[in-house]
Structure formats: structure tokens, C-alpha cells
Amino acid sequence: MSRLKALIFEEEKSIAKAAFYYLVCQFLVRGMMFLTTPLFTRMMSKTQYGEVASFFAWEALLYPVLTLNMADSIGKSVFKYEKNHDQFILSVLSAGNFFTLACLVLFLISGDYFERIFGMDRVHITILCVYIIFLAAFQLQQLQYHVFFRYKFYVIYTILLAVIRLLLSFFLVSICENKSDARIAGYIVPTILLGFFIWKHIWKLGKRPVWNQITYAAGISLPLLVAAMSAAVLGQSDRIVITMYCGEEQTALYSVAYAVSSIASVIGVAMNQAWKPWLRESFNNKRFNVVRRYCGVYALLYCAGIVFLMFTAPEIVLIMGGAEYREAIWAMPAVILSMVINFLYSFYYEAEYFYDGIPYISLGTCIAAVLNMILNLVFVPEYGFVAASYSTLASNFFILCFNYLAVKYRLGKGFLFDNRKFGGMFCILCVLQIILAFFYPDYLIRYALFLFYTVLLVFAGVKNKDVIKRILSELK
């Protein structure tokens, strides 16, 4: 573990510094997406925007299956293959690529069967599979940078790809008549090109795949495949069902609501990228008191930040989509609370992942996906895209409760986190979100409450500045 310890405890690789880089990266990338979404919603019709959303919904659903979910083995592999991790990356990449190509052949020789299922022709299916092959190379390398705290490389690649995607997408949508295909091409072509060079680099460093490494990865990733597929169904089936029963326009409304909610994940994703390796290392070193203390502080900071989105959701929807997307605001309460649930669930996921509780992850996510699909099929045809947001909220809440119970009673690790604090935070946010939803049309009252909250938060920060400094210094 010498390499891992050096990377984690060296000053350059401190948690605080890594978190800062990840946070800046996420703000830049999400900020670009946020600023350009209003451009695309105005350059494209609702139908075209919905077609793009449907394509990437299928990509999210198929990716874990076609790659055998090998990416989920990277987090744990660092403890076993740290000295020859480049070869391990090649092994899992080659296994995933082989299966993707096999599935592509199956898709192409099956007549129009899969075309009817996916709602796209053979050309688009082929493009999707090629995209997944090189996306897997890109994501595996990024995960390797992540677990070894090589955050500068991670940030450079992430920002580079995001900038090229946006510039090319904007250019193609501007000049092409088929704007949905232009938007898709602008997104996937840079990924394929950059992924191809990374793919060659992985083969050069890894030299050859090793069967034992593939079987090790499969032992971790395949049990989690059910969870990954279920999570993809949970996250993307809403759009597919909305498209089936309500049309592309309502899918566009739903997609804009989720685009707004992505702001909530900026800080969470950025912090998690630095937090997860530290958390797993703390589990490994049995630093349970430290984990419990800092996970509570971490959750409190996230929840304090999410309140800003609750206050400003209606205005952000109007900025990102314009007046024709105004209806999307009524999906925002459920969407924002779903983001909070996903954040809290990530703590229990990490405990189950580390302490061999993977079957509970898979079982809980699978049940939630089925529940979500049933709720969507029952309520979406009657109540439209807003019903889908509340179906997802209910399903995510089930996942949170299921995995909390699994960690506490099946794994016997309930002491890892301050569960009462987590529950109290969520209940307060639920009450606050319900109150603010009533004041969505009345911006004066919301702005007054927003100003009061901001002043209160600043006062709390100033009063506890010494505590904050101590926490930051301890995470270095």
C-alpha cells in the first residue's frame, strides 16, 4: 500500500486540495452546460430536444450492460493491483469491449427487432455501440486518475472534452437542418476521437490483458451489474415512458427540470471525487470515529448548499428553458429532494461496497427500479412528466431506507454514520421544500426568505470559522 499511502498523504494529494480541484472542474463543466442549455432549448424544438434526451437515456441504460459494468471494480482494485494497475485497466477494458462488439453483432443480425425496442435505426445503434467502446476507455482512465488522486490529469481531460463537445455541438446545430442528430454528433464525436487515443494509450501501458484480473473484476462488477442496470432504469426510464405516453415535448420539459437539478450535484460530485478514496482508506484503517464525525459535517455542508437551489429553482428554469418550459418548475421539488436522497444514499453505498454488501446494493436498487417503472406506468399516462418526478422520489427514498437497514442490521455497521442527523436534515429539507413550492409564484416572499437564509448562513460561517479552519487542516 506504499504507493497509495504516498499519494493520499502527500501534501500535493491532500483531500482539501483534491476537493478544490474537483470543485473548480465541476463548476466549470456544469457551468458551461448550464450556460449553453438555454441556447440549445431555443435553437431546437421541444421534439428535437426530446429526441436527444431519449438517445442518451438509452446510452445510460445500455452502458453498464454492454461494458459488463467493469468500471465498478476500479475502486476496490487499487488495494489488490496497485503495482500493476495499468494492466488491470487494460484487462477490464478489453473484456468490456469484446462484449460490446458481440452485442453489436447481435443487434445487427436480429432484423428490426432491436430497432423497434430502441426506437432508432441500425446506423444509430452502431454509432451508439462504437461510442460506448471509446467512452469506456475514457471513463476507465478517469477512474484510475481518481483513485490515485491524480486530479490534475482528471481535471484537464474533463474540461478539454467538455469544451470541445459544447463548441462542436453549437456549431453543428447552427448549420445543420437535422438538429437532433447534430446535437448528438457534437457530443459523441469528440468522445470517440479522444477515447481512441486513450484506448491506444491503455493498450500500450497495459501490454496484454490478464485473465485472472478479468475474473477478479467480474467478481465485483457482475454482482453490481444488477444494481447498475437498475440505477440506469431508475434514472432514465422516466424519459422513455414519458416519450411513449406523452410525447417528446413533455420529455423535453422533464429533461430541463433535471438539467436544473444538475446544479445540486456539482458540489456533491466534486466533493465525492475527493471524498470516496479517503472514505475507503478510512474504512480500511478502521478510523470509524473520524468517518462518523466528518461524514456528518460533509452532509450538513451539502444540505446547506442545496437550499439555495430550492429558493431559486423557478428562475433557473426560466433562464435555461425560457417561458415555454415554465411548467417544468412543478417537477423541481421532487427532483431536488431526489438529489438529496442520492447524496445521503452514497454513504451507505460506500459502506456496502467496502464491507462486501454488494448483494444488498443490487437487491435494493432492483426493487426500486421495478417500483419506479410500475409507478411511471400507472401515473405518467394520467398526470404526465410531473408524476415521473414523484415516482423517482418515492423509489429513491425506498433505496435509502433499504440500504440504511442493510448497513445497520445485516452488516452491523450502523455506527459508521450519524443516522439521526441524516434523517433530521432530510426532514427539514422536505418541510422547507414544501413551503417554498407554495411560494414559487410569489417571488417577493421567496427572495425575502432567501436573503434571510443567506445572512443566517454567513453569520454561522463567521461564528464557526475556527471550527471550519480546523476541519480543513485535518483533511490535509
Side-chain angles (χ1 to χ4, degrees), residues 30-54 56-57 169-170 173 179-180 183 235-236 238-266 306-340 375-376 379-394 429-430 432-451 453:
R30 300 282 182 169
M32 286 186 287
M33 293 174 59
F34 175 76
L35 293 173
T36 55
T37 295
L39 296 177
F40 289 119
T41 55
R42 287 161 174 81
M43 294 169 67
M44 304 166 66
S45 67
K46 282 185 182 179
T47 299
Q48 291 169 335
Y49 197 84
E51 288 172 354
V52 175
S54 295
F56 286 108
S169 294
F170 182 76
V173 171
K179 298 187 182 300
S180 56
R183 179 72 175 96
Q236 302 298 328
D238 297 349
R239 294 169 175 82
I240 295 171
V241 172
I242 293 169
T243 300
M244 289 172 56
Y245 287 100
C246 305
E248 303 283 1
E249 291 195 2
Q250 288 215 15
T251 304
L253 291 169
Y254 190 75
S255 298
V256 166
Y258 263 90
V260 173
S261 73
S262 67
I263 299 171
S265 65
V266 171
I306 205 77
V307 174
F308 286 102
L309 180 60
M310 291 181 175
F311 276 110
T312 58
E315 286 71 31
I316 298 175
V317 168
L318 289 177
I319 292 171
M320 296 192 67
E324 61 179 330
Y325 286 87
R326 188 185 299 272
E327 294 176 68
I329 66 172
W330 302 115
M332 289 307 304
V335 170
I336 293 172
L337 290 175
S338 290
M339 295 295 105
V340 176
L375 292 174
N376 281 332
F379 294 108
V380 168
E382 182 71 22
Y383 299 103
F385 74 97
V386 175
S389 66
Y390 284 91
S391 297
T392 301
L393 175 62
L429 290 178
C430 285
L432 181 60
Q433 179 61 86
I434 292 171
I435 294 172
L436 289 176
F438 279 108
F439 292 114
Y440 274 175
D442 195 334
Y443 66 91
L444 289 177
I445 295 178
R446 274 192 298 110
Y447 288 174
L449 293 173
F450 177 75
L451 180 61
Y453 175 76

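Positions are given from 1 along the sequence. This one's a predicted model, so the numbers in the text were calculated from it and none came from an experiment.
- Between the CZ atom of Phe439 and the CZ atom of Phe311 there is a distance of 10.5 Å, given to the nearest 0.5 Å.
- Side-chain contact between Leu337 and Met310: present, with at least one pair of heavy atoms (C-beta onward) separated by less than 4.5 Å.
- The closest side-chain heavy-atom distance from Met44 to Val52 is below 4.5 Å.
- Between Thr392 and Tyr254, some side-chain heavy-atom pair lies under the 4.5 Å cut-off.
- Taking the side chain as every heavy atom from C-beta outward, Val317 and Arg326 never approach each other to under 4.5 Å.
- Smallest separation of non-hydrogen atoms from Ala334 and Ser389: CB-O, 3.5 Å.
- Taking CD1 of Ile316 as the start and CD1 of Ile329 as the end, the distance is 12.0 Å to the nearest 0.5 Å.
- Looking only at side-chain heavy atoms (C-beta outward), Pro333 and Ile434 stay at 4.5 Å or farther from each other.
- In this structure, the separation between OH on Tyr49 and CG on Leu253 is 10.5 Å, given to the nearest 0.5 Å.
- Here CZ of Arg446 is found 14.0 Å from CG of Leu451. Values are rounded to the nearest 0.5 Å.
- More than 12 non-hydrogen atoms from other residues, nucleotides or ligands lie less than 6.0 angstrom from OH of Tyr447.
- To the nearest 0.5 angstrom, Lys179 atom NZ is 10.5 Å from Phe40 atom CZ.
- Two residues are said to be in side-chain contact when any heavy atoms from C-beta on lie closer than 4.5 Å; Phe170 and Met43 meet this criterion.
- Shown are Ile242, Asp238, Val386; of these, the side chain to side chain contact (heavy atoms under 4.5 Å, CB included) with Val380 is made only by Ile242.
- More than 12 non-hydrogen atoms from other residues, nucleotides or ligands lie less than 6.0 angstrom from CZ of Arg42.
- Note that the CG atom of Leu318 and the OG1 atom of Thr312 stand 11.5 Å from one another [nearest 0.5 Å].
- Side-chain contact check for Leu429 versus Ile336: every heavy-atom pair is 4.5 Å or farther apart.
- The neighbour count for Glu315 CD, taken as heavy atoms of other residues, nucleotides or ligands under 6.0 Å away, is above 12.
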